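To keep things clear, I will list the structure first and then write my remarks on it.
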Amino acid sequence: MENPQLIGRELVEWFRVNQRDLPWRRDYSPYGVWVSEIMLQQTQVAAVIPYYLRWMERFPDVASVAASNEEEVLLYWEGLGYYTRARNLYKAARLMVERFQGEVPTTRQQLLALPGVGPYTASAILSLAFNRDVPVVDGNVERVVARLLDLGCPIKSAEGRREVLRAATDWLVEGKARLYNQALMELGALVCTPSDPQCPSCPVVSHCRAFRLGTVEDRPVRPPRPRLEEIQTAVAVLWDRGRIYIQKRRAGGLFAGMWEFPGGKIEDGESPRQALARELWEELGVHVQIEEKIGRIRHAYTRFRVTLHAYSCRLRPSGQQVTARAAEQGRWVDPRDLGRYAFPAANRRLIRSLQEMPGSGA
DNA sequence: AATACGTGGGG
DNA sequence: TCCCCAAGTAT
């Protein structure tokens with residue numbers, strides 16, 4: 001490129017006109033930028049918007065997060081996924097209150113020391129909140145650069161990373177990192193999309209090597225995805241005296257700290273009911289009466305595709321002691337209070353179907 | 001370096 | 001239904 005900043009300037013001009021009106025683009029407060037960037041990790045804008053609005057209403061500043069607790073923070077995050085982000089947000093908020101008077105810190109080193117803040121998010125905060133001249137590299141930037149330069153190497157290889165960072169740095173318009181970085185990402189989100197890219201409306205198509213060569217759909221070069229492991233599980237909506245038993249998952253691993261219905265994996269050769277009886281004996285130390293099947297829910301997690309077989313169960317005899325052997329704690333709750341606990345999405349779907357069932361008591 | 005970590009939307 | 005994937009981080 002004769003003038004590397006030419007691309008940057010064209011992107012910035014395009015962004016000024018074509019940017020979406022998003023809630024975190026109102027004032028670029030460091031707190032708002034931080035929260036939105038954490039929510040946007042591996043998550044699409046459309047999914048984030050309602051969560052961001054609800055979050056900012058309940059937690060208007062760092063101090064309000066720090067004064068809350070992990071349980072409530074998880075509840076506000078329920079349904080967004082990657083729940084470590086929420087637990088880290090809470091930890092980082094406490095850290096900011098302790099060390100930075102409740103302000104978002106302003107140096108890369110300080111930012112990287114916050115749990116949940118890595119290279120991308122640190123750069124995003126520095127540029128969007130403080131307009132510091134640093135480039136960002138996210139999935140959008142990778143894709144846009146890989147196409148503009150027609151990068152044939154794997155995008156995650158050392159060479160791929162180096163080339164993307166070099167281009168993003170070269171094109172950066174000094175003093176306009178806030179606009180420039182968002183322009184690159186916005187272009188990736190709206191025009192230079194993974195599938196069906198809108199090349200005719202691209203402001204920099206004249207610079208695009210992949211467009212010229214007809215390789216747009218082949219860029220960037222990514223490794224194939226591993227297939228999801230298929231599993232069957234059985235879960236119990238266990239009733240006693242008008243209450244339902246739920247348990248809180250232990251720290252570490254999938255859905256740490258979230259609540260769920262008891263149950264577990266159906267092993268080879270087991271029927272769902274057999275598996276459920278076994279799991280409840282192992283997890284709760286009780287025998288229960290398994291009644292009717294109340295739901296069959298399919299759901300994909302990070303590496304599993306789960307079919308959840310749900311059964312209404314009754315503690316028999318009523319009132320006997322249940323011990324949470326596999327969970328951090330167990331609790332009998334009024335079904336009307338189920339909205340006060342953070343559940344994984346598949347469990348929440350089951351709860352919703354429960355509440356639509358007439359005479360279910362829920 | 002490779003793997004774990006969620007979810008909902010679109011084709 | 002199935003497959004793809006989206007503003008990454010931690011270990």
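Residue numbers begin at 1 in each chain, while the letters A, B, ... track the order of the sequences. Worth saying up front: this structure is predicted, and the values here are computed from it rather than measured. Computed from heavy atoms alone, side chains included, the values below leave out hydrogens, waters and symmetry copies.
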Quick one: on DNA chain C, does A:R298 or A:R222 contact a more 5' nucleotide (nearest heavy atom)? A:R298

Check whether any side-chain N or O of A:Q42 sits under 4.0 Å from OP1 or OP2 of C:dG8, and answer yes or no. yes

Within the modelled atom types, does a donor on one side and an acceptor on the other bring the side chain of A:S195 and the base of B:dG10 under 3.5 Å apart? no

Taking the minimum atom-to-atom distance to the side chain of A:L254, which one of C:dT9, B:dG6, B:dT7 wins? B:dG6

So A:G253, base contact, sugar-phosphate only, or nothing? Heavy-atom distance under 4.0 Å. sugar-phosphate

Mind checking the P distance from C:dT11 to B:dG6? Whole angstroms is fine. 14 Å

Interatomic distance, A:R225 CZ vs C:dC3 C1' [rounded to whole Å]: 10 Å

Using atom CZ of A:F304 as one end and atom C1' of B:dT7 as the other, report the distance to the nearest whole Å. 16 Å

Nucleotide nearest A:D138 when distance is taken to its side chain, options C:dC5, C:dG8, C:dA10: C:dG8

Spell out, as yes or no, whether a donor-acceptor pair under 3.5 Å connects the side chain of A:R316 to the backbone of A:H287. no

When all nucleic acid strands are considered with a 4.0 Å heavy-atom cut-off, which category describes A:R161: base, sugar-phosphate, or nothing? nothing

Send over the distance from A:L40 CG to C:dT9 C1', rounded to a whole Å. 15 Å

Distance in angstrom units between A:K156 NZ and C:dG8 P, rounded: 8 Å

Tell me whether the side-chain N/O atoms of A:H299 come closer than 4.0 Å to OP1 or OP2 in B:dT7. yes

Provide the closest heavy-atom pair for A:V145 versus A:V164 in the form atom of the first, atom of the second, distance. CG1-CA, 3.8 Å

To the nearest Å, give me how far apart CZ (A:F255) and C1' (B:dA4) are. 12 Å

Give A:A345 one of three labels, base, sugar-phosphate or nothing, depending on what nucleic acid heavy atoms sit under 4.0 Å from its own. sugar-phosphate

Base, sugar-phosphate alone, or nothing: which one does A:I38 contact when heavy atoms must sit under 4.0 Å apart? nothing

Residue A:R85, side-chain atoms from C-beta onward, closest of B:dT7, C:dC3, B:dG6: B:dG6

Mind checking A:R25 for me? I need base, sugar-phosphate or nothing, with any heavy atom below 4.0 Å counting as a touch. base

Whole angstrom value for the distance that separates P of B:dA4 from CZ of A:R249: 15 Å

Looking at A:Y83, I'd like to know whether one of its side-chain N or O atoms comes within less than 4.0 Å of OP1 or OP2 on B:dT7. yes

If we ignore angles and hydrogens, is there a donor and acceptor under 3.5 Å between the side chains of A:Q110 and A:R99? no

In whole angstroms, how far is the P atom of C:dC5 from the CD1 atom of A:I155? 13 Å

Looking at every strand, decide which applies to A:R348 at a 4.0 Å heavy-atom threshold: base, sugar-phosphate, or nothing. nothing

Under 4.0 angstrom, heavy atoms only, what part of the nucleic acid is A:W24 near: base, sugar-phosphate, or nothing? base

Checking all strands, does A:A300 fall into the base, sugar-phosphate, or nothing category for heavy-atom contacts under 4.0 angstrom? base

Take atom CD of A:E174 as the centre, draw a 6.0 Å sphere, and report whether it contains more than 12 heavy atoms from other residues, nucleotides or ligands. no

Rounded to whole Å, how long is the line connecting atom CZ of A:R227 with atom P of C:dC4? 8 Å

Just checking A:Y311 against A:H309, ring centres under 6.0 Å apart? no

Any donor-acceptor pair under 3.5 Å linking the side-chain atoms of A:T215 with those of A:R147? no

Around A:R94, counting heavy atoms of other residues, nucleotides and ligands shown, do more than 12 lie under 6.0 Å from its CZ? no

A:V45 near the nucleic acid: base, sugar-phosphate alone, or nothing, with a heavy-atom cut-off under 4.0 Å? base

Pick the nucleotide of DNA chain C nearest each of A:T84 and A:E37; which residue has the one closer to the 5' end? A:E37

Regarding A:T121, tell me which of base, sugar-phosphate or nothing describes its non-hydrogen contacts under 4.0 Å with the strands shown. sugar-phosphate

